[in-house]
> 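Structure below; questions to follow.
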Protein chains: 2
Amino acid sequence: MLTIGTLSRKTGTKVQTIRYYEQIGLMNEAGRTAGGQRRYFEKDLDRLAFIRHSRQLGFSLDSIRELLELSDNPSRSCAEADSIARRQLRQVEQRLKRLQALKKELKRMVAECEGDSVAECKVLEVLRDHSECLTDHDGIGA
Amino acid sequence: MLTIGTLSRKTGTKVQTIRYYEQIGLMNEAGRTAGGQRRYFEKDLDRLAFIRHSRQLGFSLDSIRELLELSDNPSRSCAEADSIARRQLRQVEQRLKRLQALKKELKRMVAECEGDSVAECKVLEVLRDHSECLTDHDGIGA
DNA sequence: GCCTGAACCTCTATTCGCTTTAGCTTATAC
DNA sequence: GTATAAGCTAAAGCGAATAGAGGTTCAGGC
Ligand SMILES: [Zn+2]
Ligand SMILES: [Zn+2]
Ligand SMILES: [Zn+2]
Ligand SMILES: [Zn+2]
């Protein structure tokens, strides 16, 4: 029987996060000691490792929920799992594209500023006026 | 005098978002009509455009707050603005690296799955076992 | 002066994936 | 027996908005 702290150490997950996963139904409800502390089996450790690894690869908790369910039914076709992964890949590729464009713009504005007063700052100039940009950066942020 | 809807259209910002920016003190409190509706000047439009453009380049609202303050003091040195931009660039470059590694892993697992039953699904296999990965993906998600 | 409909208002809740805080209780080792 | 590490719950907070409910104001036409 493993404590929550052991799971935490073995998977690099904060204790609170493990409890959070239980709360949203991603981890099964753990058994408890007489005093109310959670105790886990190896299979819970495996499940948590699966969740964390999937998170590291960028899957959303919702996708992970689906993947876990599939993983629990070994006889089913894996088409669904593959399509989730392909969807994730497409998303990553899209974000990559946006970030690459962003990087270019940022690099350019940083490089072009000669570092005098704010009045002549290239950085601020670009921020004030999108027409100085080479790309469209549609969408926001990330 | 411009209405909030006009600002919204001209900058591609949702009306709610403009009010939100006011609420968090990023936009100045707008003047009001007798009936309580917001009315804006051109300078408010400029400020909002600055904010949105900065957001598109991935700056956080906190960074934007600093940049706006600098922008309001033309006589100051632009070193600070430049350093905010460089910081942003570094962040983008880091995320790019992570995403590129992610993309590789995802691509590989998708490509290697022969699409049979869940029991032999390469996608799920990789998710269960990080040792199948080529990279470390330290950190999570994005 | 009134009607209509678009645009505006406030306030609250929700999203995602956790993290933090506050205030306790339990387990373990000496 | 007691110190201390580790555990517990419940609630709030983060960033950056978005969405909805339910009500008010504005501009134009008649
Ligand atoms: Zn500069
Ligand atoms: Zn631009
Ligand atoms: Zn498969
Ligand atoms: Zn891995």
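The structure displayed is predicted, hence computed values, not measured ones.
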> Could you state the atom-to-atom distance from CZ of A:Arg19 to C1' of C:dT19 in whole Å?
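Distance check: A:Arg19 CZ to C:dT19 C1' gives 12 Å.
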> Check the distance between C:dA6's C1' and B:Gln37's CD and give it to me in whole angstrom.
10 Å
> Select base, sugar-phosphate, or nothing to describe what A:Arg65 touches, counting heavy atoms under 4.0 Å on all strands.
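Since no nucleic acid heavy atom lies under 4.0 Å of A:Arg65, the category is nothing.
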> Any chance CD of A:Glu69 has more than 12 other-residue heavy atoms, nucleotides or ligands included, within less than 6.0 Å?
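12 or below, so no.
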> Classify the side chain of A:Gln16 versus the base of D:dG7 as yes if they form a donor-acceptor pair under 3.5 Å and no if they do not.
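Counting by modelled atom types and ignoring angles, no donor-acceptor contact under 3.5 Å is found here.
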> Does the side chain of A:Thr17 get closer than 4.0 angstrom to OP1 or OP2 of C:dT19 through an N or O atom?
yes
> With DNA chain D as reference, determine whether B:Phe59 or A:Arg9 sits nearer its 5' end, using the nearest nucleotide of each.
A:Arg9
> Report the distance from atom CD of B:Glu29 to atom P of C:dT10, rounded to the nearest whole Å.
10 Å
> Check the phosphate of D:dT25 against B:Thr33, side-chain N and O only, distance under 4.0 Å to OP1 or OP2. Yes or no?
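No, because none of the side-chain N or O atoms of B:Thr33 sits under 4.0 Å from OP1 or OP2 of D:dT25.
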> Can you check whether B:Thr3 has a side-chain N or O nearer than 4.0 Å to OP1 or OP2 of C:dA7?
no
> Please give, in whole Å, the distance from D:dC14 C1' to B:Gln23 CD?
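That distance rounds to 15 Å.
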> Can you figure out which of D:dA16, D:dG7, C:dC18 approaches the side chain of B:Ile140 most closely?
C:dC18
> So, is B:Ser60 near the phosphate of D:dG15, with a side-chain N or O under 4.0 Å from OP1 or OP2?
no
> Any salt bridge between A:Arg47 and A:Asp72, counting N to O under 4.0 Å?
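Salt bridge flag = yes for A:Asp72 with A:Arg47.
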> Taking only the side-chain nitrogens and oxygens of B:Arg55, find out if one of them lies under 4.0 Å from OP1 or OP2 of D:dA17.
yes
> From CD1 of B:Ile64 over to C1' of D:dG15, roughly how many Å is that when rounded to an integer?
12 Å
> With sugar-phosphate meaning primed atoms plus P, OP1 and OP2, does B:Arg32 contact a base, only sugar-phosphate, or nothing at under 4.0 Å between heavy atoms?
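Counting heavy atoms under 4.0 Å across all strands, the contact made by B:Arg32 is with sugar-phosphate only.
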> To the nearest angstrom, how far is A:Leu7 atom CG from D:dC8 atom P?
11 Å
> If we check salt bridge (charged side-chain N to carboxylate O under 4.0 Å, His left out) with B:Glu105, which of these qualifies: B:Arg108, B:Lys103, B:Lys107?
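That would be B:Arg108; it is the only one of B:Arg108, B:Lys103, B:Lys107 passing the salt bridge (charged side-chain N to carboxylate O under 4.0 Å, His left out) with B:Glu105.
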> Using atom OH of A:Tyr20 as one end and atom C1' of C:dC18 as the other, report the distance to the nearest whole Å.
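After rounding, the gap between these two atoms is 6 Å.
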> So, does B:Lys14 get its side chain near the phosphate of D:dA19, meaning an N or O under 4.0 Å from OP1 or OP2?
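For D:dA19, OP1 or OP2 has a side-chain N or O of B:Lys14 closer than 4.0 Å.
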> State whether a side-chain donor-acceptor pair under 3.5 Å links A:Thr3 with A:Arg38.
no
> Does B:Arg52 place a side-chain N or O at less than 4.0 Å from the phosphate oxygens OP1/OP2 of D:dA17?
yes
> May I ask you to evaluate whether A:Tyr21 reaches the phosphate of C:dG17, defined as a side-chain N or O under 4.0 Å from OP1 or OP2?
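Indeed not, no polar side-chain atom of A:Tyr21 lies that close.
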> Classify the nucleic acid contact of B:Ile24 as base, sugar-phosphate or nothing, counting any heavy atom under 4.0 Å across all strands shown.
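Contact class for B:Ile24: none.
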> Can you tell me the distance, in whole Å, between the OH atom of A:Tyr40 and the P atom of D:dG7?
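It is 10 Å, rounded to the nearest whole Å.
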> For residues 110-125 of chain A, which side-chain N or O atoms pair as donor and acceptor with protein atoms under 3.5 Å away, sequence neighbours left out?
residue  : atom : partner  : partner atom : Å
A:Ser117 : OG   : A:Ala119 : N            : 3.4
A:Lys122 : NZ   : A:Glu132 : OE1          : 2.8

> Is any side-chain nitrogen or oxygen of B:Arg38 closer than 4.0 Å to OP1 or OP2 of C:dC8?
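No, B:Arg38 has no side-chain N/O under 4.0 Å of OP1/OP2 on C:dC8.
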> Strictly by modelled atom types, are A:Arg19 and A:Gln16 linked by a side-chain donor-acceptor pair under 3.5 Å?
no
